[in-house]
Amino acid sequence: MKSLSSKVAWVVGAGSGIGEACAMTLAEAGATVVLTGRRRPLLEETAERITKSGGKAVVEDGDLGLPGKAEAIAKAISGLGRLDVMVNAAGVNVAGRRWSDLSAESIGQIVGGNLSAALLVSRSALGLMRPRKDGLLIHIGSWAAHFLGTLAGPVYTATKCGVVAMSHTINMEDGRNGIRSCVLSPGEVATPLLDQRPSPIGTEERAAMLQPADVADLVLYLAGLPPRVCVNEIIVSPTANRMY
């Protein structure tokens, strides 16, 4: 395992699923991990597991879709002296995701949680990374952004397409500043987000999917690469891929 000792990682969506797994994995590798999400009790549980294992974690909760919140958390992180890795693993969807079921409120919820928050946290992370001429941003995208279908719903799909575009434009502008951005787009992952599917997902089906730890291992690999290496995009799926 690549040592991340002395490095600082900011994980958004760290209370459950992919974000929680990423936080645990990065902390195990030696990073001080800043945990962000909307549900503080879940973040505190993640932090407790990290510290009990000998790692270092800081809880900075909040809704990053709110104006000024990402900047406030970034200011707190600046007190740690650096930001090396930012992982945006937050994800939002709703059960009523077809056009005929969507409301103005549900559209705003999905766009805010998946795209607006990603833009705001990326902007804040870049502000911490540019002075050091170094840093890695990893955005959890989706298979749905590359292979269009109806399962994820039109708004979720559109927001994840936006995340893909966002990540590539970061490389276009800030590669010259020593900053790298990767959008990691998984197929089906066994996370609590599956509970928002219109049809229930069984235990056997979940076991055949990617697991959060699988995605976290890829995040750790990216975090351990030399600064000269930029992996622009990763698309990964379960071997038993139902999305073709």
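Reckoned from all heavy atoms, side chains included, excluding hydrogens, waters and symmetry mates. We number each residue from 1, following the sequence as shown.
- Between Glu20 and Pro212, the closest side-chain pair of non-hydrogen atoms is not below 4.5 Å.
- The line from CG of Asn241 to CE of Met209 is 10.5 Å long, rounded to the nearest 0.5 Å.
- Distance check, rounded to the nearest 0.5 Å: CG of Leu222 to CG of Leu184 gives 6.0 Å.
- For the pair Ser3 (side chain) and Ser5 (backbone), a donor-acceptor distance under 3.5 Å is present.
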Q) Stepwise, does the salt bridge (charged side-chain N to carboxylate O under 4.0 Å, His left out) test hold for Arg49 with Glu28? A) CA-CA 11 Å; Arg49 286 194 294 274; Glu28 185 180 354; over 6 Å; no
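- More than 12 heavy atoms of other residues, nucleotides or ligands shown are found within 6.0 angstrom of CZ on Arg206.
- Between Leu136 and Asp84, every side-chain heavy-atom pair lies at or beyond the 4.5 Å cut-off.
- Looking only at distances, no side-chain donor or acceptor of Arg123 sits under 3.5 Å from a matching main-chain atom of Leu120.
- Panel note: side chain Thr46, backbone Ala14; a donor-acceptor pair is recorded below 3.5 Å.
- In this structure Glu173 satisfies the salt bridge (charged side-chain N to carboxylate O under 4.0 Å, His left out) test with no other residue, sequence neighbours excluded.
- Here Ser100 contributes atom OG and Leu102 contributes atom CG; the two are 8.0 Å apart, rounded to the nearest 0.5 Å.
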Q: Check the pair Lys75 / Glu71 against salt bridge (charged side-chain N to carboxylate O under 4.0 Å, His left out), numbers first and verdict last.
A: CA-CA 6 Å; Lys75 184 176 180 179; Glu71 290 92 332; over 6 Å; no
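- Going from atom OH of Tyr156 over to atom CD1 of Ile110 covers 10.0 Å, rounded to the nearest 0.5 Å.
- Residue Ile50 comes nearest to Leu35 through the heavy atom pair CD1-CD2, 4.3 Å, listed as atom of the first residue, atom of the second, then distance.
- Using a distance-only test at 3.5 Å, with no hydrogens or angles considered, no donor-acceptor pair links the side chain of Lys52 to the main chain of Ala47.
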Q: Could you please spell out the steps behind the side chain to side chain contact (heavy atoms under 4.5 Å, CB included) verdict for Val111 and Asn114?
A: CA-CA 5 Å; Val111 172; Asn114 291 344; over 6 Å; no
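- For Ser124 (side chain) and Val121 (main-chain N/O), no donor-acceptor pair under 3.5 Å exists by modelled atom type.
- Here the straight-line distance linking atom CZ of Arg38 with atom NZ of Lys69 works out to 13.5 Å at 0.5 Å rounding.
- Met166 has its side chain within reach of Ser122: a pair of non-hydrogen atoms, C-beta onward, lies under 4.5 Å apart.
- Contact annotation: the side chain of Arg132 never approaches that of Leu83 to less than 4.5 Å [non-hydrogen atoms, C-beta and beyond].
- Side-chain atoms of Glu60 do not come within 3.5 Å of backbone N or O of Gly37 as any donor-acceptor pair.
- Remark: Arg39 CZ is loosely packed, at most 12 non-hydrogen atoms of other residues, nucleotides or ligands lying under 6.0 Å away.
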(Q) Checking Trp10 against Thr36 for the side chain to side chain donor-acceptor pair (under 3.5 Å) test, could you report, in this order, the C-alpha distance in whole Å, the side-chain angles of both residues, the deciding distance, and whether it holds? (A) CA-CA 7 Å; Trp10 183 9; Thr36 295; 2.8 Å; yes
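- Formation of a donor-acceptor pair under 3.5 Å by the Asn171 side chain with backbone atoms of Ser181 is found in this model.
- The closest donor-acceptor contact from the side chain of Ser167 to the backbone of Val164 lies at 3.5 Å or more, if one exists at all.
- With Asn177 contributing its side chain and Ile179 its backbone, the two residues share no donor-acceptor pair below 3.5 Å.
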Q: For Asp174 and Arg130, run salt bridge (charged side-chain N to carboxylate O under 4.0 Å, His left out): C-alpha distance rounded to whole Å, both residues' side-chain angles, the deciding distance at 0.1 Å, then the answer.
A: CA-CA 8 Å; Asp174 278 293; Arg130 287 189 189 110; 2.8 Å; yes
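- In this structure a side-chain-to-backbone donor-acceptor pair under 3.5 Å is missing from Arg180 to Leu137.
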